[in-house]
Amino acid sequence: AGYKLKDNFTHNHKQTKKFVLKSESQMADFGYDKDRFPNLDMDNFDCVICSCVARDPRECVNCGYIFCNSCITSWLKKSKECPTRCKVQANTIRPLSKALIRMYNDLDIQCEYFDKCKKVVKLSDLADHEATCQLPKCFNYDICENHAKNEFGSKPHACSPDCLLLAQIREANGDYGKILTMTKAHLDKFCKPAIGNFGGGGFVSVGSGSGNSNISNIKWDRGHCGTGIQFSDNDQSCFLKEGPYMFRTVIADTPLNGGVHYWEIHADKRTDNELKIGIALQRDFTYNSAFCDHEFGYAFYGLGQLRHGSNASGTQYGKRFKKEGVLGCFLDQNRGILSFALNGEYFGPAFKNEALKKGPAYPAVSLLHCAGCKIVGGMPVPNYFLK
């Protein structure tokens, strides 16, 4: 029946394309060219108006057909029916279901500049990738795999304060006094909450071997977050409420470098979808995805599971956590252990990995659709974490 309907729709479809796609330059406002999808073997996500893979997809609840948001918006300015002649009311056209949007986000697509960058990314990561792929590479690209950002100047090209410092140290050509001055300035500006003493004997990370990491000023970094996340309480609280079902990540402004560190995630009662909570061992990445989808991310998922390098599976761990309670987070960089406790109930080590001994590590949370939390630091480490 679906194919017959599509055949009957052909004439109107041709007329629609004349109306919608007036020029090649307008194509970017509508669907994705199918040639950009190397593994595409289905037409489930085709927009029946422009015949491309739908961009910002919408679904008609009556006929089940999918459209680009911009295509169906333009169409409904001229008609009170969807292209398959369904009567359109207030909630007839809506975003895709959770299951469909997960499949859609997982599609592989070539970068728009594929001829130059040769990258194939997940559709959920495309916007962030294309925003940076034409920028020059960071001078430290072989290590960080990031592109330079204009905010750090053009000589040398750098993606972050850390890479900029490394470039400046290299340019100092062994001038110890100059290197010491630059390093102290860098630590005072970007790592102050994690630094205890800096002087003739070098610097010592507070919490190294102690029971308190002294990150009392920790808050979310609004400069390193996914789209749509709102902040309050001096940036300690974050909240996301949007139509799409896509994880959006925000990291904390405090890098953790050595020693032991404890912070808490306080639930937000408005939350409808479970959070992913943990640490990212990389500062710059695609924030419109869950940080723990990547190999540098380690998280407790509020469904009572762990996530590391996967967006689909993980071992069972702990209990469910969503809109009530306090999740304690403990990172022991001396032993390479990340652990969690809910309302004082210790779940045991979640991850034990050599990579967790290395800094900087950034507390992180990934929010979905309607979710939020508050990050709090400065408390003593509970004894059960130190056993």
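Residue numbers count from 1 along this sequence.
Shown here are the side-chain hydrogen bond (donor to acceptor under 3.5 Å, both in side chains) partners of Tyr298, two or more places apart in sequence or in another chain: Asn353.
With hydrogens and angles disregarded, a donor-acceptor distance shorter than 3.5 Å links the side chain of Asp332 to the backbone of Arg335. Asn273 places no side-chain N or O within donor-acceptor distance of the main-chain N or O of Ala371, the cut-off being under 3.5 Å. Listed for the Tyr245 side chain is no donor-acceptor partner under 3.5 Å among the backbone atoms of Pro95. A donor-acceptor contact shorter than 3.5 Å links the side chain of Thr271 to the backbone of Gly372. A donor-acceptor pair is defined here as one N or O able to donate and one able to accept, closer than 3.5 Å; no such pair exists between the side chain of Ser366 and the backbone of Thr249. A donor-acceptor pair under 3.5 Å is absent between the side-chain atoms of Ser79 and the main chain of Trp75, judged by distance alone.
The hydrophobic clustering, which links ILVMFWY residues whose side-chain heavy atoms are closer than 4.5 Å, places Leu123 and Phe247 together. Criterion: ILVMFWY side-chain heavy atoms under 4.5 Å apart, direct or through other members. Under it, Ile66 and Val61 are not part of a common hydrophobic cluster. Follow the hydrophobic side-chain contacts under 4.5 Å out from Tyr384 and you never reach Ile337; the two are in separate clusters. Connection of Val376 to Val326 is not established within any shared hydrophobic cluster, with ILVMFWY side chains joined at heavy-atom distances below 4.5 Å, either directly or through further cluster members. Linking Ile, Leu, Val, Met, Phe, Trp and Tyr whenever their side-chain heavy atoms come within less than 4.5 Å puts Leu356 and Tyr362 in one cluster.
Ion pair Asp46/Lys34 flagged as a salt bridge, since at least one NZ, NE, NH1 or NH2 atom sits closer than 4.0 Å to an Asp/Glu carboxylate oxygen. A salt bridge links Asp221 with Arg283: at least one charged nitrogen is closer than 4.0 Å to a carboxylate oxygen. A salt bridge does not link Lys323 with Asp268: none of the charged nitrogens is closer than 4.0 Å to a carboxylate oxygen.
Between Phe291 and Phe285, the gap from one ring centroid to the other reaches at least 6.0 Å.
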Would Cys52 and Asp33 count as a side-chain contact (heavy atoms from CB on, under 4.5 Å) here? Give the steps.
CA-CA 5 Å; Cys52 300; Asp33 191 321; 5.6 Å; no

Met42 and Leu107: side-chain contact (heavy atoms from CB on, under 4.5 Å), yes or no, with the steps?
CA-CA 11 Å; Met42 58 184 179; Leu107 293 175; 3.9 Å; yes

Could you walk me through whether Leu338 and Phe300 pass side-chain contact (heavy atoms from CB on, under 4.5 Å), step by step?
CA-CA 10 Å; Leu338 178 64; Phe300 165 72; over 6 Å; no

Evaluate the criterion side-chain contact (heavy atoms from CB on, under 4.5 Å) for residue pair His369 and Lys98; output intermediate values, then yes/no.
CA-CA 10 Å; His369 182 56; Lys98 292 183 183 180; 5.8 Å; no

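Of all heavy-atom pairs between His294 and His308, the closest is O-ND1, 4.2 Å. Met246 approaches Leu368 most closely through the heavy-atom pair N-CD1, 3.4 Å. For the pair Glu295 and Gly309, the tightest heavy-atom approach, listed with the atom from each and the gap, is OE2-CA, 3.7 Å. Residues Asp235 and Arg222 come closest through the heavy atom pair OD1-NH2, 2.7 Å. Between Ser313 and Arg307 the shortest heavy-atom distance is C-NH1, 3.3 Å. Smallest separation of non-hydrogen atoms from Pro38 and Gln110: CD-CG, 4.4 Å.
Side-chain contact check for Phe45 versus Pro57: every heavy-atom pair is 4.5 Å or farther apart. Under the 4.5 Å side-chain criterion, counting only non-hydrogen atoms from C-beta, Gln168 is not in contact with Lys178. Contact of the Gln333 side chain with the Lys358 side chain is not registered, since no non-hydrogen atoms from C-beta on lie closer than 4.5 Å. Within the 4.5 Å cutoff, the side chain of Tyr301 has heavy atoms near those of the Glu274 side chain. Within the 4.5 Å cutoff, no side-chain heavy atoms of Thr73 are placed close to those of Phe67. Lys122 places none of its side-chain heavy atoms less than 4.5 Å from the side chain of Asn105. No side-chain heavy atom of Ser232 sits less than 4.5 Å from a side-chain heavy atom of Phe239. Met379 places a side-chain heavy atom less than 4.5 Å from the side chain of Glu264.
The side-chain contact (heavy atoms from CB on, under 4.5 Å) with Trp263 is formed by just one residue from the set Thr254, Val381, Ile279; it is Ile279.
Aromatic ring pairs are classed by plane angle as parallel below 30°, tilted from 30° to 60° and perpendicular above 60°; the pair Phe340 and Tyr317 is perpendicular. Between Phe385 and Tyr262, the ring-plane angle classifies as tilted under the 30° and 60° cut-offs.
Cation-pi check for Lys118 over Phe114 is met; the charged atom lies under 6.0 angstrom from the ring centroid and within 45 degrees of its normal. Both tests hold for Arg55 against Tyr32: distance to the six-membered ring centre under 6.0 Å, angle to the ring axis within 45°.
Between Ile251 atom CD1 and Ile375 atom CD1 the span is 10.5 Å, to the nearest 0.5 Å. With rounding to the nearest 0.5 Å, the separation of CG in Asp284 from SG in Cys163 is 8.0 Å. The SG atom of Cys225 sits 9.0 Å away from the CG atom of Asn288 when rounded to the nearest 0.5 Å. Atom SG of Cys373 sits about 4.5 Å away from atom CD1 of Ile265, to the nearest 0.5 Å. With rounding to the nearest 0.5 angstrom, the CD atom of Glu81 is 4.0 Å from the NZ atom of Lys87. Atoms NZ and CG, on Lys319 and Leu303 in that order, are 16.0 Å from each other to the nearest 0.5 Å.
With a 6.0 Å radius and a threshold of 12 heavy atoms from other residues, nucleotides or ligands, Glu354 has its CD atom at or below the threshold.
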